[in-house]
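Please read these numbers as outputs of a predicted model, since none were measured by experiment.
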Amino acid sequence: MLDLPRTVRQALTLVIVFLATAVAVSFVKSLLPKSMGEGRAVLLPISSSAQVKPMGENFVAFDGKVLSLVTSSGSRRWSVPLEVPGGELVTGSKLIAVVHDTQLSLFDDQGRSLYTGRMQSEILELRLGEGRAAMLSQGDAPVIRVITSDGMDVDAQNFPGDTVIDFGFYDADMLWVNRATLGSAQVFTTISTYQPAHLSTATITISDELIYRSVFNKNHLMLVGTRNVTYCDNTKTIAQKSKTLVYGWQAVASALNKDVPYAVLAPSEQLGRVTGVDELRVVDAATSKTHQLPESCATVFATHRGVTAVARDAAYVLPHGEEKFKPFRLRVPVEHVRCVTNEGCALIESGGALYALTL
């Protein structure tokens, strides 16, 4: 071996260490997904103690005294102080509501007050259409009352002997109601659609299982139950078209893909785990496909763009028609996903602050 000067030996050692480090870094990078993107998190001027709900591409916040609309880019468009503090925030596509016991306040998407008044009974649940509000109350029987945005009565539907599971609007102001007949050896779930102030337009009854999620649009209906996902045509009548067995799976998200409903399910035994779920199943009218997640994810949501699963430091997007999740690094660690806009912007909580996360 050549007897090299000490300074030369030190220089050669540094070169060897540098080259070894470069090779190691290159090797690690080769293991990472080549198409890995990066999520963008914007700090929002909203207290983490405030109620926040999505409205279109924005967020509506209510701290108990002031109602505000904040964009996903972090700007506050308007703020409105409420005369009576407190209450529960509810949002729709064009209307905003604050409910407090029997009192209801309605606002438009610019924060203008449309109606404030008291109902005869406590409002248990509220849903908003484009120009109407539907509220569930309990008297001798469950009753759903529909009013206009300025407080005029439109309709009231009573459901004696039934339990109202869910209800809502579709196609602007068409009302749907999911109710169950319980207490007998057999469970019956009935889904009805209404044009408020007119008779029921269509009804379907499902036996031997409880329907707990409904996805509507003008022409299609997907019913997710404890045993099956049932797909129906929803035109003049509700006609069953197909059925997929999903026993052992539970819906965690649903949305419309080009106006066609689809549901995202996870194994029932994985729900409730601190680490989240490892596997997802996407079901629509024609297909049912299972996808393995790259890692356990605590939150899953669906939009017209596809399925998104969120872990603490990464998110994974499965666009419609694709087989593999696209990974995204997250610079802001996700402690909790509060809600998601129509376009898939997620409101996340991290370190006591709220951020708008886009992928």
Side-chain angles (χ1 to χ4, degrees), residues 35 165-166 168-172 174 176-178 187-193 201-271 277-294 297 299-310 315-327 340-344 359:
S35 59
I165 304 299
D166 200 2
F169 289 100
Y170 73 99
D171 193 23
M174 286 289 291
W176 62 269
V177 180
N178 175 6
V187 176
F188 293 93
T189 305
T190 302
I191 295 89
S192 301
T193 58
T201 58
T203 296
I204 185 172
T205 297
I206 307 292
S207 60
D208 295 329
E209 68 174 319
L210 183 67
I211 302 298
Y212 61 89
R213 184 183 289 256
S214 307
V215 189
F216 275 83
N217 80 342
K218 185 176 182 179
N219 299 314
H220 304 285
L221 165 62
M222 176 174 277
L223 305 174
V224 184
T226 49
R227 295 183 60 85
N228 300 286
V229 170
T230 304
Y231 185 80
C232 306
D233 285 331
N234 178 33
T235 49
K236 293 182 179 179
T237 61
I238 300 177
Q240 181 175 315
K241 188 176 180 181
S242 64
K243 183 178 287 189
T244 303
L245 181 66
V246 293
Y247 184 76
W249 296 76
Q250 188 170 328
V252 292
S254 56
L256 296 173
N257 171 24
K258 297 180 181 178
D259 291 331
V260 178
Y262 74 98
V264 184
L265 304 95
S268 300
E269 70 271 11
Q270 293 184 12
L271 297 176
V277 299
D278 304 324
E279 191 177 10
L280 294 176
R281 184 175 175 185
V282 181
V283 179
D284 60 22
T287 61
S288 174
K289 293 185 178 180
T290 301
H291 303 270
Q292 192 71 31
L293 284 163
C297 293
T299 301
V300 177
F301 60 85
T303 69
H304 66 94
R305 299 176 184 273
V307 181
T308 300
V310 183
Y316 303 92
V317 177
L318 181 67
H320 291 300
E322 299 193 14
E323 298 293 331
K324 293 183 179 181
F325 284 91
K326 295 183 177 180
V340 181
T341 69
N342 293 339
E343 295 300 316
L359 303 173

Distance check, rounded to the nearest 0.5 Å: Gln250 atom CD versus Leu265 atom CG? 8.5 Å
Which residue, Val264, Thr308, Val307, Val252, forms the side chain to side chain contact (heavy atoms under 4.5 Å, CB included) with Phe301? Thr308
Determine whether His320 and Tyr262 satisfy the following criterion, side chain to side chain contact (heavy atoms under 4.5 Å, CB included), listing intermediate values before the conclusion. CA-CA 11 Å; His320 291 300; Tyr262 74 98; 3.2 Å; yes
Interatomic distance, Lys326 atom NZ to Tyr316 atom OH [nearest 0.5 angstrom]: 15.5 Å
Taking all atoms of both residues into account, what is the closest heavy-atom pair of Thr189 and Glu209, and its distance? OG1-O, 3.1 Å
Nearest-0.5 Å distance, NZ of residue Lys324 to NE2 of residue His291: 12.5 Å
Let's go through Thr290 and Trp249 carefully: what are the C-alpha distance in whole Å and the side-chain angles of both, what is the deciding distance for side chain to side chain contact (heavy atoms under 4.5 Å, CB included) to 0.1 Å, and is it a yes or a no? CA-CA 11 Å; Thr290 301; Trp249 296 76; 4.1 Å; yes
Taking every non-hydrogen atom, the tightest pair across His220 and Asp233: ND1-OD1, 4.1 Å
For residues His304 and Asn342, report the shortest heavy-atom separation together with the two atoms involved. CD2-O, 3.6 Å
Apply the test side chain to side chain contact (heavy atoms under 4.5 Å, CB included) to residues Phe216 and Thr193: give CA-CA distance (whole Å), side-chain angles for both, the deciding distance (0.1 Å), then the verdict. CA-CA 10 Å; Phe216 275 83; Thr193 58; 3.5 Å; yes
Heavy-atom side-chain proximity of Arg281 to Thr244 below 4.5 angstrom: yes
Donor-acceptor pair, Thr303 side chain versus Ala255 backbone, under 3.5 Å? no
Which is it for Cys297 and Val310 under the side chain to side chain contact (heavy atoms under 4.5 Å, CB included) test, yes or no, and what are the steps along the way? CA-CA 5 Å; Cys297 293; Val310 183; 5.7 Å; no
Which atom pair, heavy atoms only, marks the closest approach of Thr226 to Tyr212? N-CE2, 4.0 Å
Quick check: closest heavy atoms across Glu279 and Leu293, and the distance to 0.1 Å? N-CD1, 4.2 Å
Under 3.5 Å, is there a donor-acceptor pair between the side chain of Tyr231 and the main chain of Pro261? no
Rounded to the nearest 0.5 Å, the NZ atom of Lys289 sits from the CG atom of Asp284 at a distance of 9.0 Å
To the nearest 0.5 angstrom, please state how far the OG1 atom of Thr190 sits from the CD1 atom of Ile206. 9.0 Å
Closest heavy-atom contact between Ser242 and Ala285? OG-O, 3.4 Å
Measure the spacing between CG of Asp166 and CZ of Arg213 and express it to the nearest 0.5 Å. 9.0 Å
Residue from Leu256, Asn234, Asp171 passing side chain to side chain contact (heavy atoms under 4.5 Å, CB included) with Asn217: Leu256
